[in-house]
Amino acid sequence: MSCAKPDRRVWICLRGGRSLQSAATRPQGPQIAGESPAMRMSQYFLPTLKEMPSEAQIVSHRLMLRAGLVRQTSAGIYAWLPFGLRVLRNIERIVREEQDASGAQEVLMPTIQSAELWRESGRYDAYGPEMLRIRDRHDRDMLYGPTNEEMITTLFRDAVKSYRDLPRNLYHIQWKFRDEVRPRFGVMRGREFLMKDNYSFDLDKAGAIRSYNRMFVSYLRTFARMGLRAIPMRADTGPIGGDLSHEFIILAETGESAVFCHKGLVDRDILGRKIDYDGDLQPIVDEWTSLYAATDEKHDGGRFEAEVPAGERLLARGIEVGHIFYFGTKYSKPMNAVVAGPNGDQVTVEMGSYGIGVSRLVGAIIEASHDGAGIVWPESVAPFKVGLLNLKPDDAAVSAACATLYGALGKAGIDCLLDDRDLRPGAKFADMDLVGLPWQVIVGPKGLAAGKVEVKNRRTGAREEVPLDGVVARLG
RNA sequence: CGGGGCGUAGCGCAGUCUGGUAGCGCGUCUGCCUUGGGCGCAGAAGGUCGUCGGUUCGAAUCCGGCCGCCCCGACCA
């Protein structure tokens, strides 16, 4: 790592110039750089399954296998196929944009770590068999990282020596491994998982709470942009330790835990707010934490009934998709992460850590958004925005119309998957509903005779007849 | 880690109790037919029955070891 000074100038410059709105309202280009936004299904690796795989029990796991998103390679370990990968990348993209907007900076730490680091914090022996321990050819103890507090603390303390270089907030999006005794629920509780985690460093507790609040608000925006209703709930700090912590729970009928909250939290809108990450975010945090919300572990029936009027009580189920902690000097102290304070004294930095389960979100979003026919992707994370169905590939007029639309949608930057396979219409409808693209453009000989195609909304099922040359405008 | 279950064709399963030439549905391939909701007809390919050993004239089937996967619980992002 280079010295801290030049780095700090960049930081200040970014802080002055960064604008949340620019990240959130940025025009949506092709979602994966360098790849054509359109694709032909006859050439695409999308192995869908008609029948239910017996290994999967919960709906998101079944749909992920059936819709060709992932394949399991070992218990709790998955290979990501093109569709699943596109969703994963879209989720990552939103997380990254919101992290950057909040002032966090991206790094990338390795998956393999040295046991030495963990001996320093005392967690090597404390962590237990969930940690995958490995040995290299020189018989050195290594491990596949289950989390990165030790590593980031080391990187920070070796490079940052002055209070002038604070605050710092570093994040990365990296694969982690926890050797769960019993992996289950597909990617929602795998052993290998992709996680965004970040770590804030501040001079004092007040600064750490400002950092905490920035992440709190950033998380509200991040999940909202994925079409999820995430409710922050006060949480136990668990083995990570600390005294301020919130879980972000999304509501899904099939969620893993029961949640109890005030209905007012569900419809609260963060995306309509203008956020100033340099300003005081405490009022927003207070607003979201003032109403009752608890998972079953923390639920207090008496308080719930006292604080929430009967008509406003919501009993639902939820899935944890994010967790934020303030933990003070739990790691900085044993690992000696200190900076020179304004008075020249040595100050142990105040830290927090913040996680989002990126791969878990793929399953969680499906749990929150599916129907009997398959997945219903929110547009912001969908593998493609539009599925274009050629109902009769050997009809020259139909295929010509599809080619025209396919080209026009591609040119307009609208992600489009063309089903040009020589299959019965029913098979195409079933597949397209299963994989859940938000919009279907259905081109068949009947409609086309009148110069029209059908545009179907996957979520509502609503269909409308649209003239051929009006499709791009309708979907743009 | 306690308790339970499963491993037979790409997927879903029967066959195992009662040992005797490995089956069904879906999918795949070929041809015909069909083209607005997984259509129809005909033909075909595809399995050392998870693995190793034992019993037996003969093992998918009985016995034992091992491996893998799933479910409930405890645990967890």
Side-chain angles (χ1 to χ4, degrees), chain A residues 47-58 61-62 65-66 68 71-77 127-131 145-148 174-197 219 235-240 245-250 255-257 295 297 318-325 353-364 372-374 389-395 397-399 419 421-434 440-449 452-454 456 461 463 465:
Chain A
T48 58
L49 301 172
K50 195 167 167 180
E51 295 188 57
M52 206 64 87
S54 66
E55 70 191 39
Q57 295 300 314
I58 65 162
H61 190 193
R62 290 173 163 183
L65 292 167
R66 288 191 56 211
R71 287 288 117 102
Q72 177 167 309
T73 62
S74 304
I77 302 180
Y127 211 93
E130 276 200 347
M131 180 151 72
T147 179
N148 285 70
Q174 178 63 289
W175 292 93
K176 311 236 183 308
F177 194 92
R178 290 181 197 169
D179 198 358
E180 297 281 347
V181 213
R182 190 187 156 208
R184 65 184 117 172
F185 306 147
V187 299
M188 294 228 293
R189 182 142 171 227
R191 292 193 292 172
E192 189 185 50
F193 55 98
L194 186 62
M195 187 172 175
K196 186 283 301 177
D197 48 322
Y219 275 34
D236 281 323
T237 49
I240 295 184
S245 173
H246 286 90
E247 299 182 323
F248 286 75
I249 308 276
I250 64 160
E256 59 199 346
S257 51
T295 58
E297 297 104 15
I319 300 167
E320 181 184 350
V321 290
H323 205 153
I324 61 179
F325 299 90
S353 80
Y354 317 89
I356 289 179
V358 174
S359 50
R360 161 174 265 220
L361 270 164
V362 180
L389 308 205
N390 180 341
L391 291 192
K392 197 169 179 184
D394 60 2
D395 180 311
V398 172
S399 287
D419 191 347
R421 297 173 301 170
D422 186 21
L423 293 177
R424 307 269 317 170
K428 296 186 189 185
F429 288 132
D431 262 349
M432 200 55 82
D433 285 346
L434 174 64
Q440 297 176 13
V441 175
I442 300 161
V443 185
K446 287 181 191 167
L448 199 59
K452 294 192 169 168
V453 298
E454 190 172 86
K456 174 183 157 187
R463 301 153 183 273
E465 300 265 297

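Naming: A, B, ... by sequence-line order, numbering from 1 per chain.
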Rounded distance in Å - CG (L391(A)) to P (U34(B)):
17 Å
Return the nearest nucleotide to the side chain of Q57(A); candidates are G36(B), C71(B), G38(B).
C71(B)
Closest to the E51(A) side chain, choosing from G25(B), C72(B), C69(B)
G25(B)
What is the distance, rounded to the nearest whole Å, between atom CG of L423(A) and atom C1' of U28(B)?
12 Å
In this structure, how many angstroms lie between the P atom of C29(B) and the CG atom of D422(A), rounded?
11 Å
For a quick check of understanding: with a heavy-atom distance under 4.0 Å over all strands, which category does G76(A) fall into, base, sugar-phosphate or nothing?
nothing
Between C17(B) and G53(B), how many Å separate the two P atoms, rounded to a whole number?
23 Å
Polar pair under 3.5 Å, donor/acceptor by atom type, side chain R178(A), base C76(B)
no
Separation of atom CZ in F185(A) from atom P in C76(B), rounded to whole Å:
14 Å
Side chain of F193(A): nearest nucleotide among A74(B), G38(B), A77(B)?
A77(B)
Select base, sugar-phosphate, or nothing to describe what R66(A) touches, counting heavy atoms under 4.0 Å on all strands.
base
Side-chain-base donor-acceptor pair under 3.5 Å for R189(A) and C75(B):
yes
Checking N1-N3 plus N6-O4 or O6-N4 for Watson-Crick, or N1-O2 and O6-N3 for wobble, each under 3.5 Å, the partner of C62(B) is G54(B)
Mind checking the P distance from A14(B) to C62(B)? Whole angstroms is fine.
15 Å
Testing G37(B), G73(B), A77(B) for proximity to the side chain of F429(A), the answer is G37(B)
R424(A) CZ - G27(B) P separation (whole Å):
12 Å
Taking the same atom, C1', in G50(B) and in C70(B), what whole-Å distance lies between them?
15 Å
Kindly say whether F185(A) contributes a backbone atom to a donor-acceptor pair with the side chain of E256(A) at under 3.5 angstrom?
no
Using Watson-Crick geometry (N1-N3 plus N6-O4 or O6-N4) or G-U wobble (N1-O2, O6-N3), each under 3.5 Å, C69(B) is paired with G5(B)
Measure from the side chain of A427(A), starting at C-beta and using heavy atoms only, and say which of G36(B), G38(B), C76(B) lies closest.
G38(B)
NA contact type, G426(A), heavy-atom cut-off 4.0 Å: base, sugar-phosphate, or nothing?
sugar-phosphate
Of all the nucleotides listed (C69(B), C75(B), G12(B)), which has the minimum atom distance to the side chain of Q72(A)?
C69(B)
Scanning all shown strands, the Watson-Crick or wobble mate of C24(B) with both distances under 3.5 Å is G12(B)
Is there a side-chain polar atom (N or O) of K50(A) under 4.0 Å from OP1 or OP2 of C26(B)?
no
Which value, in whole Å, describes the distance between the P atoms of nucleotides U48(B) and U8(B)?
12 Å
Answer with base, sugar-phosphate or nothing: what part of the nucleic acid does D395(A) contact at a heavy-atom distance below 4.0 Å?
nothing
Proximity to the side chain of E180(A) - top-ranked nucleotide from A74(B), A77(B), C72(B):
A77(B)
Is the side chain of R191(A) donor-acceptor paired with the backbone N or O of F177(A) at a distance under 3.5 Å, no angle test?
no
Classify D197(A) by what it touches in the nucleic acid, base, sugar-phosphate, or nothing, heavy-atom distance under 4.0 Å.
nothing
Verify the distance criterion only: is there a donor paired with an acceptor across the side chains of D433(A) and Q440(A) at less than 3.5 Å?
yes
For D197(A) and S353(A), which I'm curious about, is there any donor-acceptor pair between the side chains at under 3.5 Å?
no
Does a side-chain N or O from S54(A) land closer than 4.0 Å to OP1 or OP2 of C13(B), or not?
yes
Measuring only the P atom in each nucleotide, how far is C49(B) from G23(B)? A whole number of Å is fine.
14 Å
Flag the pair K452(A) and E465(A) as a salt bridge only when some basic side-chain nitrogen lies within less than 4.0 angstrom of an acidic carboxylate oxygen.
no
Out of G38(B), U35(B), G36(B), which nucleotide sits closest to the side chain of L434(A)?
G38(B)
Across every strand shown, the nucleotide meeting Watson-Crick or G-U wobble geometry with A42(B) (both distances under 3.5 Å) is U30(B)
Report yes or no: is there a donor-acceptor pair, N or O only, under 3.5 Å between the side chain of R463(A) and the base of G37(B)?
yes
Using atom C1' of each nucleotide, how far apart are C26(B) and G46(B) to the nearest Å?
14 Å
In whole Å, what is the span from the CZ atom of R184(A) to the C1' atom of G3(B)?
13 Å
Touch class at under 4.0 angstrom, heavy-atom based, for G444(A) against every strand present
base
At 4.0 Å (heavy atoms only), tell me whether A430(A) reaches a base, stays on the sugar-phosphate, or touches nothing.
base
Salt bridge present between K176(A) and E192(A) (N-O < 4.0 angstrom):
no
Please report, rounded to the nearest Å, how far the C1' atom of G4(B) is from the CZ atom of R182(A).
11 Å
When you compare A42(B) with G4(B), how far apart are their P atoms, in angstrom units rounded to a whole number?
49 Å
Please report the distance, rounded to the nearest Å, between CD in E465(A) and P in G36(B).
15 Å
So which one's nearest nucleotide on RNA chain B is more toward 5', I58(A) or S359(A)?
I58(A)
Residues R66(A), E55(A): salt bridge by 4.0 Å N-O rule
no
When the C1' atoms of G40(B) and U35(B) are considered, how many whole Å apart are they?
12 Å
Closest nucleotide among U34(B), C1(B), C70(B) to the E55(A) side chain
C70(B)
So does L65(A) get a backbone contact from the side chain of R71(A), meaning a donor-acceptor N/O pair under 3.5 Å?
yes
Assign K196(A) to base, sugar-phosphate, or nothing according to its heavy-atom contacts below 4.0 angstrom with the strands shown.
nothing
Ring centers of H323(A), F325(A) separated by less than 6.0 Å:
yes
